[in-house]
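Starting from 1, each residue takes its place in the sequence as its number. Please read all numbers here as calculations on a predicted model, not as lab measurements.
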Amino acid sequence: MSETTHDSVVAMTSPPSPDDGLTPAELAQKYGLSVSGARVGLGEYVQQLWGRRHFILAFSQAKLTAQYSQAKLGQLWQVATPLLNALVYFLIFGLVMGGRGNMDNHDYIPFLVTGVFVFTFTQTSALAGVRAISGNLGLVRALHFPRAALPISFSLQQLQQLLFSMIVLAMVLVGFGHYPSPSWVLIVPVLALQFVFNTGLAMVMARLGSKTPDLAQLLPFITRTWLYASGVMYSIPDMLAKKDVPEWLDDLLLSNPASVYIDLMRYALMDDYSASNLPPHVWLLALGWAVLVGIGGFLFFWKAEEQYGRG
């Protein structure tokens, strides 16, 4: 250590530090430091998610309860909203535009309500997923947990909401003469596959939305277009039969995931919805979409684990 004087001021000069010249990575290695929130291996990540399963369930239930807490009708809006949408579609597409085709109200109303409820499940999962990270930055930055818990909990919230709606859907079906039958057990595998698909989609939207907040404003327009292309208000084969369109377009619309899950649910619930209304290999399509988007979305989200909540 040396000292110099200048105008009666003494300045002390410290000796060089042994850490001078080391890069941040070398300093971290020297002192045994690790990146805060570093991404762990895939297997360990899945274990962490399983360990927080109670948090995921409780968080989804809390969000579901709080969703309509300020409304006087409260949780009734979970069912009223898709029913009102179905009423609007019935007036416009069923009565004005002839979207029912050859179906009478006995078949068309259950056909329409089933399509609205099933599509709403996917639509709301995507819309909730896009804000899963960007809308919960305080939680993400304050606590250490696998971030995939957030989009999973939002998708689980939408599943619980759909299960409430299914009670009303069953009442609509019975009211129009479609009584419970053995095919109703197919509801379970259809919803399971759709839930896996929705969760993967929510994870994709969560990662994209965390980097591009404006996506939350654009997504409603995308899902609305998807709605019209999924046969929610009309039968795709009947509608395209009136048009001179190539066969590949018919196959493409029938194979899109929303249309696949809607068709399977209609087949399970409606007596008059025969297998001829389903696209070829429909169960393979349903399984394929669930595996592709469910697993692919999970991996896509996991690879950016270190980036969430930063910046």
Side-chain angles (χ1 to χ4, degrees), residues 37 39-46 48-50 52-53 55-56 59-60 63 118-137 139-141 145-162 190-230 232 252-253 255-262 284-311:
R39 187 185 72 196
V40 299
L42 185 59
E44 184 178 349
Y45 192 72
V46 173
Q48 289 181 1
L49 277 173
W50 177 250
R52 288 164 175 80
R53 61 191 182 278
F55 162 76
I56 294 173
F59 188 76
S60 66
K63 285 290 185 180
V118 174
F119 184 83
T120 299
F121 179 30
T122 294
Q123 181 184 41
T124 53
S125 295
L127 294 174
V130 77
R131 298 181 184 273
I133 300 297
S134 60
N136 294 277
L137 285 178
L139 184 63
V140 170
R141 291 169 176 170
F145 63 96
R147 309 313 189 198
L150 292 176
I152 291 175
S153 67
F154 279 108
S155 185
L156 186 59
Q157 173 195 349
Q158 302 310 319
L159 175 62
Q160 295 175 77
Q161 186 165 328
L162 177 66
V190 173
L191 284 185
L193 291 173
Q194 189 182 7
F195 173 70
V196 174
F197 170 83
N198 289 356
T199 303
L201 180 62
M203 290 185 180
V204 172
M205 293 296 103
R207 176 174 173 177
L208 297 177
S210 68
K211 292 298 181 183
T212 312
D214 288 348
L215 182 60
Q217 309 303 321
L218 179 63
L219 191 58
F221 298 97
I222 297 175
T223 57
R224 194 174 307 154
T225 304
W226 193 10
L227 168 79
Y228 296 137
S230 299
V232 173
L252 179 64
L253 293 177
S255 299
N256 100 69
S259 179
V260 167
Y261 295 122
I262 290 171
L284 286 178
L285 282 171
L287 178 61
W289 279 119
V291 171
L292 176 64
V293 179
I295 296 179
F298 180 78
L299 295 175
F300 179 73
F301 183 91
W302 165 70
K303 285 187 174 293
E305 179 75 10
E306 297 177 354
Q307 304 173 16
Y308 303 130
R310 300 184 184 275

Task: Ring centres under 6.0 angstrom apart (Tyr308, Phe301) - done: yes

Task: Minimum heavy-atom distance between Val293 and Leu201, given as atom pair plus value - done: CG1-N, 3.5 Å

Task: Euclidean distance, Arg131 CZ relative to Leu219 CG, rounded to 0.5 Å - done: 9.5 Å

TODO: Can you tell me which residue pairs pass the ring pair (Phe, Tyr, Trp, His ring centres under 6.0 Å) test with a partner in residues 198-222, sequence neighbours excluded?
DONE: none

Task: Leu42 versus Trp302, closest heavy-atom pair with distance - done: N-CZ2, 3.5 Å

TODO: Mind checking ring-ring contact (aromatic ring centres under 6.0 Å, His included) for Phe300 and listing every partner two or more places apart, or none if nothing turns up?
DONE: none

Task: Heavy-atom closest contact (Ala128 atom, Gln158 atom, distance) - done: CB-NE2, 4.2 Å

TODO: Applying side-chain hydrogen bond (donor to acceptor under 3.5 Å, both in side chains), run through Ser60 and Ser153 and close with a yes or a no.
DONE: CA-CA 5 Å; Ser60 66; Ser153 67; over 6 Å; no

TODO: Examine Trp289 together with Tyr261 and report whether their ring centres are nearer than 6.0 Å.
DONE: no

TODO: Working to the nearest 0.5 Å, report the span between CD1 of Ile56 and CG of Leu156.
DONE: 8.5 Å

Open item on the list: When you measure from the centre of the six-membered ring of Phe145, is the NZ or CZ of Arg147 closer than 6.0 Å and no more than 45° off the axis?
Closed with: yes

Open item on the list: When you compare the side chain of Val118 with that of Val232, does any pair of heavy atoms fall below 4.5 Å?
Closed with: no

- [ ] Indicate yes or no: at least one non-hydrogen side-chain atom of Leu139 is less than 4.5 angstrom from one of Phe59.
- [x] yes

- [ ] For residues Phe154 and Asn136, determine if any side-chain heavy atom of one lies less than 4.5 Å from a side-chain heavy atom of the other.
- [x] yes

TODO: Specify the closest pair of heavy atoms between Gly297 and Val204, including all atoms of both residues, with the distance to one decimal.
DONE: CA-CG2, 3.6 Å

Open item on the list: Under a 3.5 Å distance rule, please check whether Thr124 uses its side chain to pair with a backbone N or O of Thr120 as donor and acceptor.
Closed with: yes

TODO: Return the set of residues passing side-chain hydrogen bond (donor to acceptor under 3.5 Å, both in side chains) with Ser134 (not counting sequence neighbours), or none when no residue passes.
DONE: none

Open item on the list: As an exercise, state the distance from CD1 of Ile295 to OG1 of Thr199, rounded to the nearest 0.5 Å.
Closed with: 12.0 Å

- [ ] Might you point out which heavy atoms bring Leu215 and Gly209 nearest each other, and give the distance in Å?
- [x] CD2-N, 4.1 Å

- [ ] Ignoring hydrogens and angles, tell me if any N or O in the side chain of Ser259 forms a donor-acceptor pair with the backbone of Ser255 under 3.5 Å.
- [x] no

- [ ] Can you see which heavy atom on Arg52 is nearest to which on Pro146, and at what distance?
- [x] CD-CD, 3.3 Å

TODO: Just jot down the side-chain hydrogen bond (donor to acceptor under 3.5 Å, both in side chains) partners of Thr122, sequence neighbours excluded, or say none.
DONE: Gln194, Asn198

Task: Phe121 CZ to Ser125 OG distance, which is reported to the nearest 0.5 Å - done: 5.0 Å

Task: Contact check, side chains of Leu150 and Val140, non-hydrogen atoms, under 4.5 Å - done: yes

Open item on the list: So Pro220 and Leu127, do their side chains get closer than 4.5 Å, heavy atoms only?
Closed with: yes

Task: Summary of side-chain hydrogen bond (donor to acceptor under 3.5 Å, both in side chains) pairs that have at least one residue in residues 204-223, sequence neighbours excluded - done: Gln123-Thr223

Task: Enclosure of Leu252 CG (heavy-atom neighbours >12, cutoff 6.0 Å) - done: yes

- [ ] Sequence neighbours left out, what passes side-chain contact (heavy atoms from CB on, under 4.5 Å) with Val46? Give chain and number order.
- [x] Phe298

Open item on the list: Any side-chain to backbone donor/acceptor pair from Asn256 onto Leu253? Under 3.5 Å, distance only.
Closed with: yes

